[in-house]
Amino acid sequence: MWSLRRTMGPGPLRGGCLLRWLGLKICRRSTLVFALLWFGTWVFLNGLVFVHRTILSDYCTDDKSKRILQRVCEEYREGSLTGDLCEDLCVSGQVEYKRCLYYENGKKVIEARWRGTPVVLKSKLENFSSYESLGLLEYQDPAEELAPLDVVFYATLEIRNSLGLDMGGNASLPPLWGQRLRERGRPYSRAELASLWSLLQQEEYVFLRVLQDLSRHVAKVLGSCGHFYAVEYLSAGHAWDQNIFSLEELSAGPWTARDMVHRIALSFLDMAWRFDNDFSHRLHLCDIKPENFAIRKDLTVVAIDVDMAFFEPKMRDILEQNCTNDDDCNFFDCISKCNMKTNKCSSKRRNSNLQVICQKIFRPWFSPTLLGAKAGLPLQVDLQRAVQECAETPWGEDEERPQAVQKRLLHLLTRLLHQGTSSERGGADGEGIHSHTALNF
């Protein structure tokens, strides 16, 4: 019996151990599956949050845009903000919402029609409360009102700070705007001051408002309501099309498509020259791309997005940074050179507005693939070479060569324009042709 038990005894024990071992293995597998499932769910949920915060929250929707404008109107009715656009936007309904054009990091751009005229509504931040309030209003007695000359003084300080200019008096105010502020017959209300202050904190508004009295190459500010301001709606460029601008949308007179291109190119030359010479400081454009320019009906080139435009003093401050190589001295389209002895970027920009325009706009515009059969014509070949030279000529210390390139481009484009007009008139000698205003440097 003992031998039998001894023989049979270990069987059940081994079976129990096997079951326990299998159970432990299954338990471990279940734990591992559960852990993987939990981790996958965690990654998925965090992915959804990330997508919502980074993509969906900045997605341009009509509902969100309309809610933002509704909040503006609520604050207008409460007396917190005001402007010459508010009555039509919030009361009479003469501002018709069309669509959202752009929304990122709070910056809102909306297409609308104001009394039948297409406009673009803009604000750097979507909420009026997101802007810093005018400190003076916090300490001022609500019963007291600020005199117009005081408003001119504080507006000048803010504009000077925004543009990076060191000017005395009210020199940084545009003449017509400053005159309107000074000649106002009554003091400013708190809502007017708060609205003006929110606008002055937006560099693009300040640039457009200051320069529109001085240059035809910037979009015109038509009105404002609180922190939103309206600018003229123009046909903007687009990088996805080699033609860059939709010429069929312009319907500009009897000109052919190539004549329109030549006139627009001449206007680009005029803009580059004027931004270099018309102001007390050179104006640098550091984000030159088709989307940031538009064309008026008379084929004038207009800068419509000047978030990355800087006058010379501020440009020098931006460029003069620490560096280890030249790549550290590139600020978008504005580039400088690294001094390896001091490990400092030069404060002087190496390239120019025109050089970048030649690289990004003229070169694809006047490429052989776009010109087709006309690419081999002598004037077109000369123009392609001049554009290539323009794109590769640094501004540097020697300004004579870039100016010579600019004059050559001007000469070739003018000849092409006259040639195109003459061919339309059956080989006329060109007398009586009205030169584009871009020729009047």
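None of the values given here were measured: they were computed from a predicted structure.
Sulfur-to-sulfur, C358 and C390 sit under 2.5 Å apart at their SG atoms. Checked against the 2.5 Å cut-off, the SG-SG distance between C90 and C73 falls under it. Under the 2.5 Å cut-off for SG-SG separation, C323 and C345 do not qualify: their sulfur atoms lie farther apart than that.
Side chain of D326 to main chain of C338: a donor-acceptor pair is present (N/O by atom type, distance under 3.5 Å, no hydrogens or angles). Checking side-chain atoms of Y188 against main-chain N and O of A191 turns up no donor-acceptor pair under 3.5 Å. Here the side chain of E192 pairs a donor or acceptor atom with the backbone of S189 at under 3.5 angstrom. Listed for the D328 side chain is no donor-acceptor partner under 3.5 Å among the backbone atoms of K344. Between the D305 side chain and the D307 main chain, a donor and an acceptor come within less than 3.5 Å of each other. Side-chain atoms of H411 never come within 3.5 Å of backbone atoms of K407 as a donor-acceptor pair (strictly under, hydrogens ignored). Under the 3.5 Å distance criterion, the side-chain polar atoms of S367 are matched with a main-chain donor or acceptor of P364. Between the side chain of Q212 and the backbone N or O of V221 there is at least one donor-acceptor pair closer than 3.5 Å. Between the side chain of H217 and the backbone N or O of V301, at least one donor-acceptor pair lies under 3.5 Å. Q355 places a side-chain N or O within donor-acceptor distance of the main-chain N or O of A391, the cut-off being under 3.5 Å.
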Intermediate values then yes/no, side chain to side chain contact (heavy atoms under 4.5 Å, CB included), I159 and L200:
CA-CA 7 Å; I159 290 173; L200 292 179; 4.0 Å; yes
What do the steps show when you test V261 against W365 for side chain to side chain contact (heavy atoms under 4.5 Å, CB included), and what is the final call?
CA-CA 8 Å; V261 167; W365 231 3; 3.9 Å; yes
For a side chain to side chain donor-acceptor pair (under 3.5 Å) check, start with the C-alpha distance between H238 and S246, then their side-chain angles and the critical distance, and finish with the verdict.
CA-CA 9 Å; H238 28 255; S246 300; 3.3 Å; yes
Intermediate values then yes/no, side chain to side chain contact (heavy atoms under 4.5 Å, CB included), L208 and V306:
CA-CA 8 Å; L208 296 177; V306 290; 4.0 Å; yes
Would E75 and R71 count as a salt bridge (charged side-chain N to carboxylate O under 4.0 Å, His left out) here? Give the steps.
CA-CA 6 Å; E75 290 173 303; R71 284 201 300 270; over 6 Å; no
Applying side chain to side chain donor-acceptor pair (under 3.5 Å) to Y76 and E87, what does each step give before you reach the verdict?
CA-CA 9 Å; Y76 168 66; E87 187 74 14; 2.9 Å; yes
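Residues D333 and K289 form no side-chain contact, since every pair of their non-hydrogen atoms from C-beta on lies 4.5 Å or further apart. The closest side-chain heavy-atom distance from L409 to L266 is not below 4.5 Å. V356 is listed as a side-chain neighbour of N351, based on a closest heavy-atom distance under 4.5 Å. Here the side chains of M271 and F275 are in contact, with some heavy-atom distance below 4.5 Å. No side-chain heavy atom of C329 sits under 4.5 Å from any side-chain heavy atom of L319. No side-chain heavy atom of K122 sits under 4.5 Å from any side-chain heavy atom of F228. Counting heavy atoms from C-beta outward, N343 and N322 have side chains that stay 4.5 Å or more apart. Two residues are said to be in side-chain contact when any heavy atoms from C-beta on lie closer than 4.5 Å; L354 and W273 fail this criterion.
Residues D270 and R274 are paired through a salt bridge, judged by an N-O separation under 4.0 Å between the basic side chain and the carboxylate. With respect to D88 and R115, a salt bridge is recorded, a charged nitrogen being found less than 4.0 Å from a carboxylate O. Ion pair E111/R99 flagged as a salt bridge, since at least one NZ, NE, NH1 or NH2 atom sits closer than 4.0 Å to an Asp/Glu carboxylate oxygen. Comment: E232 engages R296 in a salt bridge, judged by a side-chain N to carboxylate O separation of less than 4.0 angstrom. Ion pairing of R385 with E389 is absent here, as no side-chain N (NZ or NE/NH1/NH2) approaches a carboxylate O to less than 4.0 Å.
For the residue pair E291/Y102, the side-chain donor-acceptor check at 3.5 Å is not satisfied. Residues Q384 and Q388 have side chains that never bring a donor and an acceptor to within less than 3.5 angstrom of each other. Residues T300 and D298 have side chains that bring a donor and an acceptor to within less than 3.5 angstrom of each other. Side-chain contact check for D287 and N292: at least one donor-acceptor pair (N or O, by modelled atom type) lies under 3.5 Å. Using modelled atom types and a 3.5 Å distance limit, the side chains of S336 and K348 yield no donor-acceptor pair. Of the N and O atoms on the side chains of S123 and Y131, at least one donor lies less than 3.5 Å from an acceptor on the other residue. With 3.5 Å as the limit, one finds a donor-acceptor pair spanning the side chains of H284 and R349.
F245 and F293 have their aromatic ring centers separated by at least 6.0 angstrom. Residues F207 and F310 keep their aromatic ring centres 6.0 Å or farther apart.
When E203, Q202, E204 are each tested for a side chain to side chain donor-acceptor pair (under 3.5 Å) with K124, only one passes: E203. S65 pairs in a side chain to side chain donor-acceptor pair (under 3.5 Å) with only one of the listed residues (Q70, K98, K108), which is K108. Screening Y233, Y229, W114 for a side-chain contact (heavy atoms from CB on, under 4.5 Å) with L222, the sole residue that qualifies is W114.
Nearest heavy-atom pair, L412 versus A386, reported as atom, atom and distance to 0.1 Å: CD1-CB, 3.8 Å. The two residues G164 and P313 make their nearest non-hydrogen contact at O-CB, 3.4 Å.
Aromatic ring orientation, F362 versus F366: perpendicular (interplanar angle above 60°, classes split at 30° and 60°).
Rounded to the nearest 0.5 angstrom, I335 CD1 and R350 CZ are separated by 5.5 Å. Rounding to the nearest 0.5 Å places CG of L101 at 9.5 Å from CG of L121. Distance check: L211 CG to L163 CG gives 7.5 Å after rounding to the nearest 0.5 Å. Taking CG of L416 as the reference point, atom CG of L377 lies at 9.0 Å (rounded to 0.5 Å). From L214, atom CG reaches atom CG of D278 across 8.5 Å, with rounding to the nearest 0.5 Å. Atoms CZ and CG, from R258 and L247 in turn, are 8.5 Å apart once rounded to the nearest 0.5 Å.
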